[in-house]
Amino acid sequence: MKTRDVFAYSFSAIKLRKLRAGLTTLGVVIGIAAIVALLSITQGLQIAITRQLQTGFATDTLIVSTGGGFGGAFGQGALGGATSSGFTLVVNDTEIINNITDVDTSTAIIQRTGQIKSGTIVQDVTIVGVDFAEYQNIYSSTFVPENGGSIPSNPENDRVVIGSRINDPQENGTSLFTVNSTVDIIWLNATGFPIVRNETYIGNVTAILPEIGGFGVGGPSDYSIYIPISQAQSFFGTDECNVIVVKLTDDEEATIDSVSAATKETFKNQVSVTSAVAVLNTLSSVFSIIQLFLAGIAAISLLVAGIGIMNIMIVSLMERTREIGILKALGTKSRTVLLIFLNESAIIGLIGAVIGIATGWGLANVVALAFRGGGLFMGNQAVASAGMTITPVLTATVLLGALGFGVGVSVIFALYPAWRASKLKPVEALRYE
Amino acid sequence: MTTIVEATSLKKTYMLGKIPVEALRGVNLKIESDDFLAILGPSGSGKSTLLNLIGALDKPTGGKLSIEGIDLSSLNDNQLADIRRRIGFVFQFFNLIPRFTARANVELAMSIADVSRAERRKQAEELLETVGLKGRMGHKPAELSGGEQQRVAIARALANNPRFLLMDEPTGNIDSKTANEIMHLVKRLNEEKGVTIIMVTHDQQLARETKRTVQMFDGVIAKEIVN
């Protein structure tokens, strides 16, 4: 029998039992849709998060902190304080770091959560003390003034630089501040006694940063207000810094590794060193695991569908025993009978996979829309209001993989029934009632 | 005249559970081209078993069977399938594929033999016309009478220009008037088209219409009559 005729024959058999074939196909559709939806949404999420991180990153920087790498590095809160052994990083440690080979420069960051007040509006912010000149040197593309302000190298103590979202919290184009506006900076001192004591001083806006996006890993953030480091030292009454950002001479992996090792050695392994590249790599491997895990769960549903196919094929084989007898009496070879049955299953798998991919893709887009609407995954204000949108991504690998997996599972589970059909003896098959 | 089928001490033993059943106990038979042979015998005499062996649907357990000089015992399953393409089967219960039209049923036999689509269609229409079903080609078996279904089966059996037709009680499941018509058609095929026919029946009257009759009893040929 020619391939085309085998296909036509298989198709006529499927068409005969539409409901049954439809339900069997539905099993495949669900499995494939789940795989495609989960993978395209997580890939979209990964790309979105990576892009967010990259915006706030400089790849030629390292972040030295005393906390566990990430906590200190993300630096949104006031992590990175004393370790259990009492080790702390102080502002002057930059001088030690600057002596390490391949280090271009480094700068300390002191940060606390606090509030700012402008008129009647009070905002929760991160107050970040930095050396304006060094910080701008390291983040030359993001720590820059917008709309006429300037970032002085030797600022007076009351000078502040504010992130774009502090200026425009509603993200609707309005500005709360202009250059030379004053701002009340309030630090909620919860570290000493009495437990809460507000400390206040009036700052003078010298620059407003452009919108950066991202999480600002060590780098400038839309949600921070920047004050001169000397002011932070006196304001917070400490020399301890949360992190030290190190600028390298280049962003080669060897440089990153050697400076990381040297820094750790210098501080007797009391610090953790995080590179932007390493964070991205870690993130990417975390996402790989998540994807594998999700795809695995979805694959289970496809296996269930496979068992459904096997069941249906065995029933079909029994119902069509006589038909197989006729085919064999007319001179059909066993191999052709095998092909006819495998083909039926492959057709079901193919139709199921195609519909499943379309369904999964649709589902992923619906989820992405919901996410855009209300921050479905992370209630985190930073993520949701950072305007992060997820665009589901359907890679060729996922597309072809889903197609292959759908057809593959269908064919594999049809192997046994098809083999049994092909082994039927013509005389016995013809006698079958 | 050439010898088409030759059976020498042909034996077939079935295992019915653990009990061996000797269905054929040494059959000697020679069938030449243009022959019209009836195999008569009561139930259990081994006539259907003999037909299945000649049709390469089953393998003998002893003796020798050759079709057109080819010893069937030397063939594997694939080669037996090839032999079957050159044999036309007509069954008592028609054995048509219910979801196919009359024409598609006839075409199926040719599609198995790798005949091209256009050729298939043309031949199927000719064959159905030969068996008198010109106007019923697009009907499915359920829409055809028993006699018409058997005509479709005969057309299908003739599809690949078979060396001979094997008919297993071809009129066993249809009324006597239609049975006569079928017999008339079969006789015509034998006389006019020179198709060799081997027919199993237990109907004495039908057997008389053939050229030659062998009577089977208890797994052997008991008697041979030339009509």
Side-chain angles (χ1 to χ4, degrees), chain A residues 1-22 312 315-341 343-344 347-348 418-433, chain B residues 12 14 23 48-60 75-101 104-117 119-120 140-141 153 156-160 162 166 168:
Chain A
M1 235 169 160
K2 292 193 171 79
T3 315
R4 189 177 155 195
D5 293 326
V6 169
F7 188 82
Y9 189 89
S10 301
F11 203 73
S12 76
I14 292 174
K15 247 174 40 188
L16 191 68
R17 296 174 181 83
K18 288 191 190 75
L19 179 66
R20 187 195 289 178
I312 284 301
V315 171
S316 173
L317 153 78
M318 286 174 177
E319 283 178 353
R320 288 158 64 194
T321 300
R322 216 185 157 94
E323 181 185 318
I324 295 160
I326 297 169
L327 284 176
K328 290 206 155 181
L330 293 176
T332 309
K333 294 190 163 89
S334 300
R335 189 182 27 176
T336 310
V337 173
L338 185 87
L339 274 179
I340 286 172
F341 272 75
N343 222 329
E344 281 178 32
I347 291 170
I348 286 176
W419 175 80
R420 255 182 60 179
S422 77
K423 287 293 152 210
L424 283 173
K425 290 203 161 52
V427 179
E428 286 162 26
L430 280 170
R431 218 184 285 138
Y432 190 87
E433 291 296 324
Chain B
K12 177 71 185 177
Y14 289 113
S48 284
T49 305
L50 179 60
L51 200 75
N52 287 339
L53 289 181
I54 296 173
L57 289 173
D58 211 351
K59 289 176 180 172
L75 303 183
N76 63 26
D77 282 351
N78 271 342
Q79 290 164 323
L80 285 176
D82 282 332
I83 292 280
R84 269 178 240 137
R85 291 179 191 178
R86 293 188 270 156
I87 300 171
F89 279 98
V90 177
F91 304 93
Q92 182 179 357
F93 297 104
F94 324 133
N95 278 339
L96 300 172
I97 309 272
R99 64 175 179 276
F100 288 167
T101 61
N105 264 289
V106 180
E107 281 188 43
L108 176 64
M110 288 183 273
S111 111
I112 289 168
D114 288 341
V115 178
S116 77
R117 287 196 162 222
E119 184 63 22
R120 248 157 42 201
K140 290 184 178 174
R156 179 180 68 184
L158 291 169
N160 292 318
L166 287 178
D168 190 1

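Values reported hereafter were calculated over all heavy atoms of this structure, with side chains retained and with hydrogens, waters and symmetry mates removed. Chain naming here is simple, since letters A, B, ... match the order of the sequence lines and numbering starts at 1 in each.
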Which atoms of Leu96(B) come close to chain A, meaning under 4.5 Å heavy atom to heavy atom: side chain ones, backbone ones, both, or neither? backbone
CZ/Arg322(A) to CZ/Phe93(B) distance, rounded to the nearest 0.5 angstrom? 7.0 Å
Between CG on residue Leu330(A) and CD1 on residue Ile97(B), distance to nearest 0.5 Å: 7.5 Å
In terms of heavy-atom proximity below 4.5 Å to chain B, should Ala13(A) be classed as side chain, backbone, both, or neither? both
May I have the step-by-step check of side chain to side chain contact (heavy atoms under 4.5 Å, CB included) for Lys425(A) and Asp77(B), ending in yes or no? CA-CA 10 Å; Lys425(A) 290 203 161 52; Asp77(B) 282 351; over 6 Å; no
Residues Asp82(B) and Lys333(A) bridged, charged N to O under 4.0 Å: yes
If we define contacts as heavy-atom pairs under 4.5 Å, which of Asn160(B), Val115(B), Asp114(B) has the most with chain A? Asp114(B)
Atom pair CG/CD1 of Asn105(B) and Ile326(A) - distance to nearest 0.5 Å: 8.0 Å
Quick one, Arg117(B) and Asp5(A) - any side-chain contact, counting heavy atoms below 4.5 Å? yes
For the residue pair Val427(A) and Lys59(B), establish whether any side-chain heavy-atom pair is separated by less than 4.5 Å. no
Is it the side chain or the backbone of Lys2(A) that comes within 4.5 Å of chain B heavy atoms, both, or neither? both
Ring of Tyr9(A), cation from Arg99(B) - is the NZ or CZ under 6.0 Å from the centre and inside 45° of the axis? yes
In short, Gly331(A) meets Arg84(B) closest at the heavy-atom pair CA-CB, 3.9 Å
Check Asp168(B), Asn52(B), Asn95(B) against Leu430(A) for a side chain to side chain contact (heavy atoms under 4.5 Å, CB included) and give me the one that passes. Asn95(B)
Arg86(B) versus chain A, heavy atoms under 4.5 Å apart: side chain, backbone, both or neither? neither
Note: vs chain B, highest number of non-hydrogen pairs under 4.5 angstrom among Ser334(A), Gly325(A), Ser12(A), Ala8(A) is Ser12(A)
More than 12 heavy atoms of other residues, nucleotides or ligands under 6.0 Å from OH of Tyr14(B): yes or no? yes
Give, for atom NZ of Lys328(A) and atom CD1 of Ile112(B), the distance between the pair rounded to the nearest 0.5 Å. 11.5 Å
